[in-house]
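Report on the following structure.
Everything quoted here is computed from the prediction, not taken from an experiment. Heavy-atom basis, side chains included; hydrogens, waters and symmetry copies ignored.
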Amino acid sequence: MKTRMLVFNAVCLLFITMFVYAAVSKWMEFNVFVSQMHKQPFPPQVLPLLVWGIPFTEVIVSFLLSLDKTRFMGLKIATGMMILFTGYIILIELRYFGEIPCSCGGAIVQFTWVQHLYFNLFFVLA
């Protein structure tokens, strides 16, 4: 039981670290993030919601993961976000959208899409 709780808390800490890093990276290079988002296959009217919503959601989920009362709900949301992004990466790898640049920010932007896929699968399966 104690080991299980330790693993649960470690996974939450990894999610918090990843999401806070991703959000801060996007905000620090906001113009680059916006430019990359405009190259994604989303309708233009949705872009402002995504540009502001993604980093904001990453911070909110990190906050949920940091509190005992909301940690489980935060983990569900974090996992759901990773599943959605993993599905998006699979579609990119299948060339469904053509050539798409990464808009992640920070060091993660250096990943290939296959590396992104493995990175996301680690978090989904953890």
Side-chain angles (χ1 to χ4, degrees):
M1 182 72 164
K2 194 173 189 178
T3 303
R4 192 175 178 137
M5 190 54 113
L6 183 64
V7 170
F8 178 76
N9 288 334
V11 168
C12 289
L13 184 59
L14 285 171
F15 267 121
I16 291 167
T17 303
M18 180 194 58
F19 281 140
V20 169
Y21 175 78
V24 169
S25 296
K26 288 173 181 116
W27 284 329
M28 288 183 68
E29 297 285 335
F30 191 70
N31 290 336
V32 173
F33 174 60
V34 170
S35 172
Q36 295 292 356
M37 286 301 290
H38 280 286
K39 296 175 185 171
Q40 304 299 316
F42 303 117
Q45 58 270 32
V46 176
L47 286 173
L49 177 65
L50 293 174
V51 164
W52 292 102
I54 291 172
F56 181 74
T57 301
E58 290 168 339
V59 170
I60 294 298
V61 170
S62 296
F63 180 72
L64 292 172
L65 288 165
S66 69
L67 302 174
D68 286 335
K69 288 184 179 182
T70 58
R71 188 166 290 144
F72 188 68
M73 179 178 61
L75 189 58
K76 285 178 159 180
I77 296 168
T79 303
M81 289 170 61
M82 294 304 287
I83 289 170
L84 287 173
F85 188 53
T86 301
Y88 181 64
I89 292 169
I90 290 169
L91 291 174
I92 289 170
E93 274 300 298
L94 293 173
R95 303 288 189 247
Y96 184 79
F97 303 115
E99 195 67 29
I100 303 293
C102 175
S103 60
C104 295
I108 298 170
V109 77
Q110 303 300 322
F111 285 7
T112 66
W113 283 116
V114 172
Q115 290 168 329
H116 268 291
L117 183 60
Y118 289 134
F119 182 79
N120 284 25
L121 286 173
F122 168 78
F123 277 92
V124 169
L125 298 174

Nearest heavy-atom approach of Met81 to Thr57 is SD-CG2, 3.7 Å
Please check if Val51 and Leu84 belong to a single hydrophobic cluster, counting links between Ile, Leu, Val, Met, Phe, Trp and Tyr side chain heavy atoms closer than 4.5 Å.
-> no
Tyr118 and Phe111: aromatic ring centres closer than 6.0 Å?
-> no
First locate atom CD1 of Ile60, then atom OG1 of Thr70, and finally report the distance between them rounded to the nearest 0.5 Å.
-> 10.5 Å
Atom pair OG1 (Thr79) and CD1 (Ile83), whose distance is rounded to the nearest 0.5 Å | 6.5 Å
If you round to the nearest 0.5 Å, how far is CD1 of Ile89 from CG of Leu117?
-> 6.0 Å
Group every Ile, Leu, Val, Met, Phe, Trp and Tyr by side-chain heavy-atom contacts under 4.5 Å, then state whether Val11 and Leu13 land in the same group.
-> no
Under 30°, 30 to 60°, or over 60°: which ring-plane class applies to Phe33 and Phe30, parallel, tilted or perpendicular?
-> tilted
In one Ile/Leu/Val/Met/Phe/Trp/Tyr side-chain cluster, 4.5 Å: Ile77, Leu125 = no
What closest approach, in Å, do Phe19 and Ser62 show between heavy atoms, and which atom pair accounts for it?
-> CB-OG, 3.2 Å
Between the main-chain N or O of Leu64 and the side-chain N or O of Arg71, is there a donor-acceptor pair closer than 3.5 Å?
-> no
Nearest heavy atoms of Val61 and Gly74, plus distance in Å = CG1-O, 3.7 Å
Are Phe119 and Phe85 near enough that their ring centres are under 6.0 Å apart?
-> no
Give the minimum heavy-atom separation between Val124 and Met82, together with the two atoms involved.
-> CG2-CB, 3.7 Å
Would Leu94 end up clustered with Trp113 when hydrophobic side chains under 4.5 Å apart are linked, directly or stepwise?
-> yes
Does Phe42 CZ have over 12 foreign heavy atoms under 6.0 Å away?
-> yes
At what distance, to the nearest 0.5 angstrom, does NE2 of His116 lie from CD of Glu93?
-> 10.5 Å
Between OH on residue Tyr88 and CD on residue Gln40, distance to nearest 0.5 Å = 3.5 Å
Is the ring centre of Trp27 less than 6.0 Å from the ring centre of Phe56?
-> no
Ser35 side, atom OG; Glu29 side, atom CD - distance, nearest 0.5 Å = 11.5 Å
Determine the minimum heavy-atom distance between Pro55 and Leu50, stating which atoms define it.
-> CD-O, 4.0 Å
Out of curiosity, does Phe8 fall in the hydrophobic cluster containing Leu67 (side-chain heavy atoms, cut-off under 4.5 Å, transitive links)?
-> no
